[in-house]
Amino acid sequence: MNEPTTQKVAMITGANKGIGRAIAEQLAGLGMTVLIGARDPRRGEEAAAALRAAGGDAHAVTLDVTDPATVLEAATWIEERFGRLDVLVNNAGITGSGQVSPQDAHDQMPSAVDLDMVRAVFETNVFGVIAVINAMLPLLRRSPEPRIVNVSSHAGSLALSSDPDGPFAALPPSAAYTPSKTALNALTVQYANELRKEGILVNAAAPGYVDTDSNNHTGHLTPAQGAAVVVRLATLGADGPTAGFFSADGPLPW
């Protein structure tokens with residue numbers, strides 16, 4: 001095993017572009033060693049190289065959250081290279097509708113949805129998070145200040161979604177993406193409850209409506225703006241919250 005690093009080590013899934021990449025850039029800017037999780041090794045390496053060129057300590061890690069073999073290989077590599085993990089950001093996610101703006105995602109209408117699409121979305125957005133957390137937990141337990149951040153969405157809020165005058169009233173109902181983020185929020189609370197006594201803080205973050213591929217670049221926030229709340233939760237002090245759901249403006253209703 002290599003000499004243990006004194007820098008914090010952060011793993012971000014789905015980090016070769018968009019919000020994930022912005023999170024990696026900001027954590028690297030804080031002096032952390034960042035591990036760029038990406039399904040495509042070439043894209044992961046390009047992102048890591050760009051961060052290194054900007055002065056960051058970045059490494060690409062091939063990781064598909066729906067492929068248990070790659071998850072375990074990533075955990076093994078991190079253990080051999082660093083011996084621990086300080087921050088895990090579960091950012092990888094899919095909408096299920098591809099690269100369309102949310103108002104055009106009519107294929108998620110509950111009464112007509114293709115169950116295979118719902119399964120695919122939950123496979124990445126929910127089951128993939130369980131797989132990654134469980135593989136990385138032994139490494140997180142070796143950190144003096146372990147933090148887990150699950151990248152959720154305002155859409156995951158039942159309070160906001162159920163409000164007929166709320167922010168989602170104009171969008172088509174969703175039986176895949178939106179419930180997957182609600183499930184992720186529930187999962188966040190359960191992991192936080194289990195790990196609270198070990199000092200592992202687990203929170204969900206809603207970046208806001210960010211300009212990314214997944215909404216066909218209709219968002220009004222930059223990836224850097226969306227990443228800020230995630231970075232804040234990834235760097236909480238020992239007295240920080242756990243089992244919470246936050247946007248840049250503070251706590252969100254469940």
Side-chain angles (χ1 to χ4, degrees), residues 2 5 7-82 84-95 98-99 124-125 128-129 131-133 135-136 139-140 147-153 205-219 221-235:
N2 293 21
T5 175
Q7 286 173 230
K8 286 194 171 180
V9 182
M11 168 88 208
I12 306 103
T13 65
N16 58 286
K17 63 177 183 177
I19 298 169
R21 184 162 173 170
I23 295 165
E25 288 170 352
Q26 290 179 28
L27 292 177
L30 294 172
M32 289 194 196
T33 295
V34 295
L35 311 179
I36 307 277
R39 286 180 298 185
D40 181 329
R42 185 183 55 81
R43 288 180 176 171
E45 189 43 60
E46 285 173 0
L51 259 70
R52 288 195 296 269
D57 183 16
H59 309 265
V61 179
T62 303
L63 178 65
D64 178 344
V65 302
T66 66
D67 179 352
T70 70
V71 175
L72 293 175
E73 283 165 17
T76 301
W77 182 83
I78 296 168
E79 174 163 35
E80 289 171 354
R81 183 75 187 259
F82 302 104
R84 70 164 202 283
L85 187 64
D86 299 287
V87 173
L88 172 61
V89 178
N90 290 298
N91 168 74
I94 60 170
T95 65
Q99 198 166 329
T124 293
N125 295 6
V129 171
V132 172
I133 291 177
M136 302 296 168
L139 297 165
L140 286 159
R147 305 289 178 257
I148 299 173
V149 187
N150 296 328
V151 179
S152 184
S153 165
Y209 197 27
V210 176
D211 178 344
T212 64
D213 285 350
S214 66
N215 58 38
N216 204 25
H217 299 281
T218 51
L221 299 174
T222 66
Q225 288 172 312
V229 63
V230 180
V231 170
R232 196 164 76 229
L233 294 170
T235 54

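Keep in mind that what you see is a predicted model, and the values were worked out from it rather than measured. For the numbers below, each heavy atom of this structure counts, side chains included, while hydrogens, waters and symmetry mates do not.
Although no hydrogens or angles enter the test, the distance criterion places a donor-acceptor pair under 3.5 Å between the side chain of T70 and the main chain of D64. With E79 contributing its side chain and L139 its backbone, the two residues share no donor-acceptor pair below 3.5 Å. Side-chain atoms of T124 do not come within 3.5 Å of backbone N or O of G93 as any donor-acceptor pair. No donor-acceptor distance shorter than 3.5 angstrom exists from the side chain of E80 to the backbone of W77, with no hydrogens or angles considered. Listed for the N91 side chain is no donor-acceptor partner under 3.5 Å among the backbone atoms of V151.
With values rounded to the nearest 0.5 angstrom, R147 atom CZ is found 9.0 Å from T235 atom OG1. The distance from the CD atom of E25 to the CG atom of L51 is 5.0 Å, given to the nearest 0.5 Å. A distance of 10.0 Å separates CD in Q7 from CE in M32, rounded to the nearest 0.5 Å. For the atom pair CD1 of I12 and CG of L27, the computed distance is 5.0 Å after rounding to the nearest 0.5 Å. Between atom CD of residue E73 and atom CG of residue L63 there is a gap of 10.0 Å, rounded to the nearest 0.5 Å. Rounding to the nearest 0.5 Å places CD1 of I36 at 12.0 Å from OG1 of T62.
The two residues G226 and V210 have their closest heavy-atom pair at CA-CG2, 3.7 Å. A pairwise comparison of heavy atoms in H59 and R81 identifies CE1-NH2, 3.3 Å as the closest pair. For the residue pair A206 and S153, the shortest heavy atom distance occurs at CB-C, 3.8 Å. In terms of heavy-atom proximity, V231 sits nearest to I23 at CG2-O, 4.2 Å. Of all non-hydrogen atoms in R84 and I78, the two that sit nearest each other are O-CG2, 3.6 Å. Minimum heavy-atom separation, V65 to A92: CG1-CB, 4.1 Å.
V9 places none of its side-chain heavy atoms less than 4.5 Å from the side chain of V87. Between V149 and L88, the closest side-chain pair of non-hydrogen atoms is not below 4.5 Å.
None of V71, V89, I148 except one satisfies the side-chain contact (heavy atoms from CB on, under 4.5 Å) rule with V132; the exception is V71.
More than 12 heavy atoms of other residues, nucleotides or ligands shown are found within 6.0 angstrom of CZ on R232.
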- Query: Checking side chain to side chain contact (heavy atoms under 4.5 Å, CB included) for the pair D40/N16: CA distance, chi angles, key distance, verdict?
  - Reply: CA-CA 9 Å; D40 181 329; N16 58 286; over 6 Å; no
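Between R21 and E46, none of the side-chain N atoms (NZ, or NE/NH1/NH2) sits under 4.0 Å from a carboxylate O, so this pair counts as no salt bridge.
No hydrogens or angles considered: a donor-acceptor pair under 3.5 Å links the side chains of T33 and D57. Remark: the S152 side chain and the N150 side chain contain no N/O donor-acceptor pair separated by less than 3.5 Å.
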